[in-house]
Amino acid sequence: MFEKIAQHIPDQRIWLKDRFVTIRRLDLVHPQISGNKFFKLKYNFLEAQQLGFKKLLTFGGAYSNHIAATAFAARQFGFESVGIIRGEELAHQPLNPTLALAQQFGMQLHFVSREEYRRKQDANYLTALAQNFPAHYIIPEGGTNTLAIRGCQEILKDGDAQFDVICCAVGTGGTITGLIEASQPHQQVLGFSALKGNFLNEEVAKLTKKRNWSILDDYCCSGYAKTTPELIQFIQHFEAEYDIPLEQIYTGKMLLGISNLIEKGCFPPETKLLILHTGGLQGRNI
């Protein structure tokens, strides 16, 4: 299914601050099912197909890469799709580019209050949702479940044992968990949270028994989809120098963090870094 539409994923070496680092361009795996979403959705879609589902339902915020990618993949592979979107007030506002794109791909957008959205993992709520949307295969927020973790393990390759530190942006924790599970004992997996708070460390700790990882929220710019002049300036300079597109929700914050940590001398000079560009470039349009 997904293998038939995958494109080549190159590794790109750049000189960042005082060393060469390697950026894995997951953003190039597919123009719409971009980056880590390709790997997180791969086995979820296969499971839905094998179980005979024709309809999908999932969750996301107003700027969710997952919502946009799921909407396209659903259309591509013959599914109907519903997105449960956080923020009932959005139903009365013009759609932002991410939600407009999802709707363009055929996703039915269902806006709910933030209070209701917080119940997205509650068993009783999911039962009621299944009654309101019968015969829908439900994919969690961000696509994060055991199938997504299985898919994200495939991001790493046999030759990646050469790297000491593997870096990625973190939203719901599925991608970094897959990387942790696929990592070698000598490797450290470093996540850069797009959200403020320590809860992602707690969530990922529930998904893996390994301890060779950490998640920082130092570069989240005060919260999800928030920016600072420093972040925007960094993205502009980075794109001009390396011709690699970034967005300000995930990848821009991660690269700003890595650049800052290198500058502070947090990595020994011999450290080999693998940085994952997890796509989501429609977020540039917010």
Side-chain angles (χ1 to χ4, degrees), residues 6-38 62-66 68-69 72 96-98 100-101 155 160 162-171 175-176 179 190-196 215-286:
Q7 299 177 21
H8 176 63
I9 303 173
D11 284 350
Q12 187 169 343
R13 294 186 78 216
I14 66 169
W15 181 260
L16 185 63
K17 296 301 181 180
D18 67 352
R19 74 194 58 209
F20 281 109
V21 300
T22 300
I23 299 181
R24 180 151 298 160
R25 297 289 305 275
L26 301 181
D27 57 306
L28 300 177
V29 66
H30 189 274
Q32 299 297 341
I33 314 172
S34 177
N36 60 329
K37 302 308 177 188
F38 184 94
Y63 303 103
S64 170
N65 298 331
H66 169 70
F72 179 88
N96 68 32
T98 296
L101 189 65
I155 292 173
D160 290 340
Q162 65 174 301
F163 296 106
D164 304 299
V165 181
I166 301 164
C167 302
C168 71
V170 184
T175 300
I176 192 171
L179 298 173
L190 181 58
F192 293 81
S193 177
L195 304 93
K196 187 68 176 175
I215 300 174
L216 307 176
D217 72 347
D218 305 58
Y219 303 97
C220 71
C221 302
S222 298
Y224 183 71
K226 294 184 179 181
T227 64
T228 63
E230 179 191 14
L231 174 63
I232 299 304
Q233 184 179 52
F234 172 83
I235 290 173
Q236 291 171 345
H237 288 168
F238 186 93
E239 292 180 342
E241 183 168 359
Y242 302 112
D243 195 28
I244 298 175
L246 303 177
E247 43 72 43
Q248 60 271 38
I249 299 176
Y250 293 102
T251 55
K253 293 178 178 181
M254 173 191 64
L255 264 302
L256 173 63
I258 294 169
S259 176
N260 186 256
L261 292 176
I262 291 175
E263 206 164 33
K264 289 181 177 180
C266 294
F267 302 112
E270 67 277 7
T271 303
K272 293 183 179 180
L273 277 74
L274 174 64
I275 301 168
L276 302 181
H277 188 317
T278 48
L281 293 175
Q282 86 281 338
R284 290 160 63 92
N285 299 320
I286 67 171

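Note that the structure is predicted; figures quoted are calculated from it, not measured.
- A side-chain donor-acceptor contact under 3.5 Å links Arg19 to the backbone of Pro268.
- Within the structure, every pair that satisfies the side chain to side chain donor-acceptor pair (under 3.5 Å) test and touches residues 253-274, not counting sequence neighbours, is listed here: Lys17-Glu263, Tyr219-Asn260, Asn260-Lys264.
- One side chain, Thr175 or Asn36, offers a donor N or O that lies under 3.5 Å from an acceptor on the other.
- The shortest heavy-atom contact between Tyr63 and Gln282 is O-NE2, 4.5 Å.
- Checked by atom type and distance alone, the side chain of Gln233 never pairs as donor or acceptor with a backbone atom of His237 at under 3.5 Å.
- Of all heavy-atom pairs between Cys221 and Leu231, the closest is SG-CD2, 3.8 Å.
- Applying the side-chain hydrogen bond (donor to acceptor under 3.5 Å, both in side chains) rule to Gln12 yields the partners Arg25; only residues at least two apart in sequence or on another chain are considered.
- For Glu239, the salt bridge (Lys or Arg N to Asp or Glu O under 4.0 Å) test picks out Arg284, with sequence neighbours left out.
- Using a 30° and 60° split on the angle between ring planes, Phe20 and Trp15 fall in the perpendicular class, above 60°.
- The OG1 atom of Thr98 sits 6.5 Å away from atom CD1 of Ile249, with the distance rounded to the nearest 0.5 Å.
- Here the CG-CG distance, from Leu273 to Leu16, works out to 8.5 Å after rounding to the nearest 0.5 Å.
- A side chain to side chain contact (heavy atoms under 4.5 Å, CB included) with His277 holds for exactly one of Leu255, Leu28, Ile9, Ile244; it is Ile244.
- The two residues Gln248 and Ile232 have their closest heavy-atom pair at CB-CD1, 4.3 Å.
- Taking each heavy atom of Thr278 and Ala169 in turn, the nearest pair found is OG1-CB, 4.3 Å.
- The structure places CG of Leu246 at 10.5 Å from CG of Leu256, a figure rounded to the nearest 0.5 Å.
- Pairing each heavy atom of Gly191 with each of Val170, the nearest pair is CA-CG2, 3.6 Å.
- Remark: Phe267 CZ to Leu261 CG distance equals 5.0 Å, nearest 0.5 Å.
- Taking a 6.0 Å sphere around CG of Asp18, one finds it holds more than 12 heavy atoms contributed by other residues, nucleotides or ligands.
- When every heavy atom of Ser34 is checked against every heavy atom of Val29, the shortest pair comes out as C-CG1, 4.3 Å.
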